[in-house]
Participant: 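This is the structure I want to talk about, given as C-alpha cells.
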Number of protein chains: 2
Amino acid sequence: MGKVTIKDVAREAGVSISTVSNALNDVDVLNPETKSHVLEVAKRLNYVPNLNGKLLKSGTTKMLGFFTTSVAGPYFYTLVESMSRECDRLGYGLNVFVTTDKQIIMSNILGGRVDGVVIFEELRIDDQDIAAMEKNKVKAVFLDRVIRSEGMGSVIFDSYEAGYEATRYLISLGHRKIAYISGVDTMFDSVQRKEGYLAALREAQFPVDEDYILQGYFEEEGSYNAVKSFIHNHPGKLPDAFLAGNDLSAIGCIRALKSLGYDVPNDISVVGFDDIDIAQYFSPPLTTVRNQIARQGMLVVNHLVRMIQNKEQGKVEKLAGELIVRGSSHIKLSRPS
Amino acid sequence: MGKVTIKDVAREAGVSISTVSNALNDVDVLNPETKSHVLEVAKRLNYVPNLNGKLLKSGTTKMLGFFTTSVAGPYFYTLVESMSRECDRLGYGLNVFVTTDKQIIMSNILGGRVDGVVIFEELRIDDQDIAAMEKNKVKAVFLDRVIRSEGMGSVIFDSYEAGYEATRYLISLGHRKIAYISGVDTMFDSVQRKEGYLAALREAQFPVDEDYILQGYFEEEGSYNAVKSFIHNHPGKLPDAFLAGNDLSAIGCIRALKSLGYDVPNDISVVGFDDIDIAQYFSPPLTTVRNQIARQGMLVVNHLVRMIQNKEQGKVEKLAGELIVRGSSHIKLSRPS
DNA sequence: CATTGTGCTGAAAACGTTTTTATGCTAATT
DNA sequence: AATTAGCATAAAAACGTTTTCAGCACAATG
C-alpha cells in the first residue's frame with residue numbers, strides 16, 4: 001500500500017520500465033496497443049510519477065521560484081497574481097518561497113529545484129551569493145534591483161522618474177514648500193524616489209531644506225508619527241505639500257494632518273506612490289503615482305523564461321509610473337490673511 | 001564549470017563520497033580532522049547539495065505546499081503571511097502554487113515534492129482525487145472544506161454560526177425585512193452563511209421570502225447590480241437591512257443604495273463578512289463579522305505538521321467569527337410618516 | 001540464401017544523494 | 001599468538017525516473 005512506482009506499473013502490465021516510461025511520455029516508438037495497454041494499467045493503479053526522480057534525471061523542472069520576505073499587502077499580491085498568470089501561460093509553475101532564512105533561500109536557488117528565480121530586492125543577497133549563483137549558472141531576474149551580470153536581469157519601476165514627475169506636478173500646482181516622507185533608506189526604490197524629488201526641486205531652483213525630509217519607513221504609523229512630530233517641532237515651517245514615499249505613508253500623513261485640524265487638500269496637498277487599492281477608497285481619494293505592478297510581474301516572468309529557453313542575456317527593463325490625480329491634491333490657494 | 005557535485009568534493013578532498021555525505025550531515029562517526037578538511041574543501045568549491053537527489057533518497061522535503069486559485073486580496077495575503085510565519089517557526093518551508101491546472105496540482109501533490117499540503121477549497125478536488133491522495137498517504141489539510149477521511153484535516157471558519165450571529169444582531173436592532181446577498185453557491189462558506197441567516201430568521205419566526213435572497217457572487221460589481229435591479233423590480237419591498245456574503249458585496253451594496261438616494265445606516269443597515277482591511281477605511285466604515293484569517297493560517301500549518309510528525313489523525317477545527325460593529329449598521333428608526 | 005533494414009521492446013546506465021554493509025587497521029582481550 | 005572489539009573509511013545498494021543502447025523478430029533487398 002506504499003506509493004506505486006513505475007516498476008509496479010511495469011510488472012502489472014507485463015512490460016519493462018522503459019516501455020512504461022515511453023508510453024507515459026508520448027515517445028512515438030511504441031506499438032499503439034502496447035502503449036494504450038500500459039496507459040490503462042497506469043491509470044488503474046493511480047500511478048503518478050515521482051517528481052524528484054524525474055527531475056533528478058532530466059535536470060529541468062518547469063518551475064520558477066519567487067523569493068520574497070513577505071506577500072502581505074496589495075503590492076505583493078498583485079505581483080504574485082500576475083506572475084503566476086504569466087507562468088501558466090508559458091507552461092511553467094510558480095513557486096513562492098516566503099522566508100528570510102538565507103540558508104533556505106540559497107539551497108533552493110542553487111539546489112536545482114527550479115529552472116529560474118525571481119528575487120525581490122529586499123532579500124539582501126550579497127555579492128558572494130551572486131558569485132555563487134553565477135558559478136552555478138542560475139538564471140535570475142531581480143525586482144527593483146540592478147545587478148551587473150550577464151546571467152541576470154532586472155525589471156525595475158522607474159522610481160527616480162516617478163519621484164521627479166510627482167514633484168513637478170506639485171510644483172505646477174503652485175506649491176513651494178514640499179516635504180518628502182522617506183521610506184526605508186536601504187531600499188533602492190526609496191532612495192530613487194527621493195533622488196527624483198530632489199532633482200525636481202533643484203531644477204525649479206528651490207532651496208533644498210533637509211528638515212523637510214522626514215522618515216516614515218513606508219508605514220502608516222511611522223508616517224503619522226513623523227508628520228506630527230515634525231509640525232510640532234518646526235512651527236512656522238508648515239509645508240504646502242507632502243510627497244509620501246508610498247500610499248500607506250500618504251494615508252498616515254493625511255490622518256496626522258486631519259488630527260491637527262488641517263484640511264487636505266485645501267490647506268495641504270498630499271501625494272503618494274503605488275496606487276494600492278485602498279487609495280481610491282480613502283477619504284479624500286489619494287493622488288498617487290501608479291506603479292504598474294501587474295505589468296511588472298508579467299515582464300519579469302517573460303524575461304526570465306526567455307533567458308532560460310533562448311539563452312538570452314539578462315538585461316535591465318525599466319517601467320514608467322503613471323500619475324493618477326484624485327482628491328488629495330489641489331492647486332494652491334493664497335490663504336486669506 | 002558545470003554544477004559541482006558530491007563526487008567533485010570527494011575527489012578533491014581525496015575521500016569517498018560517503019565520507020563527504022557524513023561530514024556534511026553531521027553524522028558523528030568521522031575523525032574530526034577528516035570532517036573539517038572535507039567541509040573546508042566543500043566550501044572552497046562552493047558546493048551546494050542537489051535537492052532532488054537528496055529528496056529522492058530521503059523521501060522527506062521539509063516543505064509544505066499551499067495550493068490555491070489565487071493570492072489576490074487581503075484574505076489570501078493574510079493567510080499566506082501567517083502560514084509562512086508558522087512554517088518558519090516549525091522549520092518548514094512554504095511553497096505556494098497558484099494555479100488552476102488540475103494536472104499540475106495533482107502531480108505536485110502526489111509527486112512527493114512536499115511533505116504535506118494545504119488545499120483551498122475552491123480548487124474543486126473531487127472524490128476521485130481524494131481517493132488517490134488517500135492511497136498515496138498524502139497528508140492534507142483543507143481550508144473551509146470538510147473532508148471525511150482519517151488522513152486529512154480541515155480548518156474552517158464557522159460560517160454558519162457567523163451568518164446566524166450577524167442576522168440575530170440585525171434583528172436585535174429592530175430590523176425585520178432582512179435581505180441576504182449570496183456569494184457563489186458552490187462554495188461551502190457561502191452556503192453556510194446563508195443557512196445561518198435562514199436559521200436565525202426561522203428562530204425569530206420571521207417569514208422567509210425567497211425574493212430577499214440576491215446573488216452577488218462575492219464581488220462588488222455583482223452585488224451592486226443585484227441590489228439595483230432588486231429595488232427596481234420590487235417596489236414596495238425595500239428591506240430594512242442587507243446582510244452581504246462578504247465585505248466586497250457589502251461595499252457594492254452600499255454604493256448601489258447611495259446611488260439610489262438611500263442613506264446607510266440611517267435608512268438601511270448593511271453588514272458584511274471577513275473584515276478585510278478596506279472595511280475600516282470605507283465610508284461608512286463597515287460593520288462586519290471578522291474572519292480570524294491569521295489564526296486560521298497558523299492553525300492549519302500547525303495541524304498539518306502535527307499530522308506529519310506525530311502521525312496524528314486529521315480532524316476538523318472550527319474557528320468562530322467576531323462581530324465588529326462599525327458605522328454601516330444602525331438601530332431601526334420608525335420612519336416619519 | 002545471405003544480408004540489411006525496420007519496428008518494437010528490454011537491459012542497463014545514469015542522475016546526485018543517503019544509508020547500509022563491507023573492509024582494513026589498531027588495540028584490547030584471551 | 002590468536003582471536004575479538006572498535007574505529008575510521010570505503011564500497012555498494014538504493015531511491016524513481018529517463019535515456020542510451022543492445023537485441024530480437026520479421027520483412028525487404030540483393
Side-chain angles (χ1 to χ4, degrees), chain A residues 2-39 41-42 45-63 107-115 136-137, chain B residues 2-39 41-42 45-63 107-115 136-137:
Chain A
K3 314 253 179 195
V4 25
T5 77
I6 200 172
K7 278 185 200 158
D8 301 318
V9 178
R11 181 165 8 87
E12 185 74 13
V15 298
S16 72
I17 61 171
S18 16
T19 299
V20 176
S21 178
N22 286 331
L24 292 168
N25 295 299
D26 256 342
V27 178
D28 201 10
V29 63
L30 292 185
N31 181 320
E33 280 177 32
T34 319
K35 177 169 166 180
S36 66
H37 173 230
V38 169
L39 290 181
V41 171
L45 296 185
N46 271 115
Y47 170 69
V48 179
N50 177 300
L51 289 176
N52 297 318
K54 195 165 186 158
L55 302 183
L56 175 55
K57 184 60 192 166
S58 71
T60 175
T61 70
K62 283 289 185 179
M63 277 277 163
S107 83
N108 275 288
I109 290 184
L110 301 177
R113 263 231 276 236
V114 288
D115 291 352
N136 288 40
K137 302 212 178 304
Chain B
K3 313 254 177 192
V4 24
T5 75
I6 199 172
K7 279 185 198 158
D8 301 317
V9 178
R11 181 166 3 88
E12 185 74 12
V15 298
S16 73
I17 60 171
S18 17
T19 300
V20 177
S21 177
N22 285 332
L24 292 168
N25 295 297
D26 256 341
V27 178
D28 201 11
V29 62
L30 293 184
N31 182 321
E33 281 176 32
T34 320
K35 177 170 167 181
S36 66
H37 173 232
V38 169
L39 290 180
V41 171
L45 296 185
N46 270 115
Y47 169 71
V48 179
N50 177 299
L51 289 177
N52 297 319
K54 196 163 184 157
L55 300 185
L56 175 55
K57 185 58 193 169
S58 71
T60 176
T61 69
K62 281 287 182 181
M63 278 278 164
S107 83
N108 275 289
I109 290 184
L110 301 178
R113 265 232 274 236
V114 289
D115 291 352
N136 288 39
K137 301 214 179 304

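Letters go in sequence order (proteins before strands), and every chain restarts at 1.
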Participant: Looking at every heavy atom in both B:A23 and B:L30, which two are closest together, and how far apart are they?
Facilitator: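 Taking B:A23 first and B:L30 second, the nearest heavy atoms are N-CD1, 3.6 Å.
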
Participant: Grab the NZ-P distance between B:K7 and D:dA11 for me, whole Å please.
Facilitator: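 Taking NZ of B:K7 and P of D:dA11, I get 14 Å after rounding.
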
Participant: Consider the side chain of A:Y47, meaning its heavy atoms from C-beta on, and name the nucleotide among C:dG10, D:dT17, C:dT18 that approaches it most closely.
Facilitator: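 The answer is D:dT17, which lies nearest to the side chain.
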
Participant: Assign B:V15 to base, sugar-phosphate, or nothing according to its heavy-atom contacts below 4.0 angstrom with the strands shown.
Facilitator: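 Here B:V15 touches the backbone only, sparing every base.
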
Participant: Specify the closest pair of heavy atoms between A:L51 and B:N108, including all atoms of both residues, with the distance to one decimal.
Facilitator: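 So the minimum-distance heavy-atom pair works out to CD1-OD1, 3.5 Å.
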
Participant: CD1 of B:I6 versus P of C:dT19: gap in Å, rounded?
Facilitator: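 So the two atoms are 11 Å apart, to the nearest Å.
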
Participant: Taking atom CG of A:N25 as the centre, does the number of heavy atoms from other residues, nucleotides or ligands within less than 6.0 Å exceed 12?
Facilitator: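 It does: A:N25 CG has more than 12 such atoms within range.
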
Participant: Is there a side-chain contact between A:Y47 and A:I6, using heavy atoms and a 4.5 Å cut-off?
Facilitator: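 Yes, side chains in contact.
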
Participant: Looking at DNA chain C, which of residues 17-25 of chain A put a heavy atom within less than 4.0 Å of it?
Facilitator: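 Those residues are A:S18, A:T19.
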
Participant: B:R113 versus B:T61: any side-chain heavy-atom pair under 4.5 Å?
Facilitator: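 Not in contact.
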
Participant: Nearest whole Å is fine: how far is C:dC15 P from B:K3 NZ?
Facilitator: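 Distance check: B:K3 NZ to C:dC15 P gives 15 Å.
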
Participant: In whole angstroms, how far is the P atom of D:dA14 from the CG atom of A:N50?
Facilitator: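 Whole-Å distance recorded here is 18 Å.
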
Participant: Between A:S18 and A:S16, is the side chain to side chain donor-acceptor pair (under 3.5 Å) condition met? List the steps.
Facilitator: CA-CA 5 Å; A:S18 16; A:S16 72; 3.1 Å; yes

Participant: Among A:T19, A:L39, A:V9, which one satisfies side chain to side chain contact (heavy atoms under 4.5 Å, CB included) with A:L24?
Facilitator: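 Exactly one option meets the side chain to side chain contact (heavy atoms under 4.5 Å, CB included) with A:L24, and it is A:L39.
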
Participant: Quick one: do B:K35 and B:D26 make a salt bridge, cutoff under 4.0 Å?
Facilitator: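 So B:K35 pairs with B:D26 through a salt bridge.
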
Participant: In Å, rounded to the nearest 0.5 Å, how long is the span from CG of B:N50 to NZ of B:K3?
Facilitator: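 Output value for this atom pair is 8.5 Å.
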
Participant: How many Å lie between CG on B:L51 and P on C:dT17, as a whole number?
Facilitator: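 The answer, rounded to whole Å, is 9 Å.
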
Participant: What nucleotide, of D:dA10, C:dG16, D:dT18, holds the atom closest to the side chain of A:K54?
Facilitator: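 Within the option list, the nearest is D:dT18.
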
Participant: Give each protein N/O atom lying under 3.5 Å from an N/O atom of nucleotides 6-8 of chain D, with the pair distance.
Facilitator:
none

Participant: With nearest nucleotide decided by heavy atoms, which residue, A:K57 or A:K35, maps closer to the 5′ end of DNA chain C?
Facilitator: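 Mapping each residue to its closest nucleotide by heavy atoms, the 5'-most match is A:K35.
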
Participant: In whole angstrom, give the distance that lies between atom CG of B:L55 and atom C1' of C:dC15.
Facilitator: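 Rounded to whole Å, this separation is 14 Å.
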
Participant: What integer distance in Å separates B:R11:CZ from D:dA10:P?
Facilitator: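 One finds 15 Å between P of D:dA10 and CZ of B:R11, rounded.
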
Participant: Could you check B:L56 against B:G14 and say which one's nearest nucleotide on DNA chain D is further toward the 5' end?
Facilitator: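 First, find each residue's nearest nucleotide; the 5'-ward one identifies B:G14.
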
